[in-house]
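Okay, so here's the structure we're looking at.
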Amino acid sequence: MLAGVLEAKQIKTDAAALAKWGKDWTNGYTVAPSAIVFPESNQQVIEIVRYAIDRGLPLVPSGGRTGLSGGAVASSGELVVSFDRMNHILDFSPQDRRVTCQAGVLTNTLQQFALDQQLYYPVDFASSGSSQIGGNVATNAGGIRVIRYGLTRDWVVGLRAVTGRATMLNCNAGLIKNATGYDFRHLLVGSEGTLGLITEVDLRLTTPPPAQKVMIVGIPEVKNLLNVLQVFSRATKVSAFEFFSDLALEKVCAHRKLTPPLRHSVAYYALIEFDDSDTEVAFDAFEQALSGGWAVDAVMSQSEAQAQSLWALREGISESIAQYTPYKNDVSVCIHQVPEFLEEVDGFVQANYPDFEVCWYGHIGDGNLHLNILRPQGMDVAEFMAKGHAMSPKIFAMVAARQGSISAEHGVGLLKQEFLGYSRSDEEIDLMRGLKALFDPHQILNPGKLLKATTA
Ligand code: S2G
Ligand code: ZN
């Protein structure tokens, strides 16, 4: 296979490799790739695509394999293209404040590189130690500081990708301004490997923020989350505004043997991060929240170590509830709609699935809620997943009624593909199919992900 293109060490077909590189963090799918290849250059990626075209062989791009919608799952003999060996930082321009990474560079390697240049790459999330920048771009990863710094898309100033025509696209090449027609860079960002295999990314960097403070505020009623968001956003330069329910906190404290942050438990907690210089006004903001009856208690970090321990209460949720094989939804609505949407979902689940526990957490600051239903003790995983899948259309109808998104940051992949119509119109999906046919005329790029596969 691919003799003359790849060396033997760049091809794996053993069962352990197929099992490892044939999936991501999404469970419940068959994992059955035909082989894993590890290109080391753009030219090798082009040759792999050409090889796949000649044989009608579907390709699945694979980065850090931290995806949560099955975007990197190979279930039916696909050839997995892993970017593990394309993991070099290729260029850095201090004047442009721009770095060029191969797709396989780990997110936190990029973050550290930026800090070493006295600059900052602000997109961050719990999986940044494993995720690769190519996958972050392919899913337009969001994370915990979108409220201040935006999403991955906002930092991509150029990229190279191999289309399904085995052609290399060099999109925008790091320019800040470029008014020369359709910007394919932004088409490829968030395309989940279905329009092109991203091989290199040009990212702009910014000035590192000043020292940050973290506050956890106890909020008894969900409707007051937004009052607290507003009073802190007015008073401080908010870097993050996360939230989690008392159930989520209970699971993290139990799993990681941590102490709850406040004296008494409360229905919801907001984790707020802001510039250290705003400490005084943050206290004033909290006083306002207290006198408004919106908040009941709070704790503020007094050191970087304490800030990290408060963050651990939020970032540890996903790992702490994994043992309950949660049925996950990652949805977004406009910020003002969050409280009544959350209460509508709660009411629906309690009325129709009384044995389901709803574990809420997420990025309230950008309208993104992670709705995780914990599997009831003793319920079979398959039965639970089937019930979750049957429940999702009802949840998505509530999302659609608010013109929200059925996938805020985790992507569509396999998991949300059949529900795409709750967030995108028939006309839009038809146009997406047209783009897919143009960029991938042989239907070999991650077929069946994002859009239902059509017979080629
Ligand atoms: C988060 C991580 C994945 C999940 O914690 O913000 O995006 O849903 C999630 O558990
Ligand atoms: Zn998230």
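From a predicted model like this one, the values you see are computed outputs, not experimental measurements. Ligands are counted one by one from 1 in listed order, and the atoms in each one are counted from 1 as well.
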Which protein non-hydrogen atom lies closest to atom 9 (C) of ligand 1, naming both residue and atom, and how far is it? H370 NE2, 3.4 Å
Y268-W360 aromatic ring centre distance below 6.0 Å: no
Ring centre gap for F113 and F92 strictly below 6.0 Å: yes
Under 4.0 Å, counting heavy atoms only: does Y361 come that close to any atom of ligand 1? yes
Atoms in ligand 1 flagged as close to S318, the criterion being non-hydrogen separation under 4.0 Å: 3 (C), 4 (C), 10 (O)
State, with a plain yes or no, whether a side-chain heavy atom of L195 is found less than 4.5 Å away from one of T163. no
Quick one: report the N, O or S atom of E409 that is nearest to the Zn ion (ligand 2). OE2
The Zn ion (ligand 2) to H363: any N/O/S contact under 2.8 Å? yes
For atom 4 (C) of ligand 1, closest protein heavy-atom neighbour: K328 NZ, 3.2 Å
Which of the atoms of ligand 1 are close to H363, meaning less than 4.0 Å from one of its heavy atoms? 6 (O)
Is a side-chain donor-acceptor pair under 3.5 Å present for S239 with R148? yes
Pick from H410, R314, E242: the one approaching atom 6 (O) of ligand 1 most closely through a non-hydrogen atom: R314
Has L68 got any heavy atom lying under 4.0 angstrom from an atom of ligand 1? yes
Could you tell me whether the Zn ion (ligand 2) has an N, O or S atom of D330 under 2.8 Å away? no
Run the numbers on D430 and R424 for salt bridge (Lys or Arg N to Asp or Glu O under 4.0 Å), then give the verdict. CA-CA 10 Å; D430 190 44; R424 306 304 296 267; over 6 Å; no
Does some side-chain heavy atom of V266 sit less than 4.5 Å from a side-chain heavy atom of D246? no
Is the ring pair Y422/F419 parallel, tilted or perpendicular, if the boundaries are 30 and 60 degrees? tilted
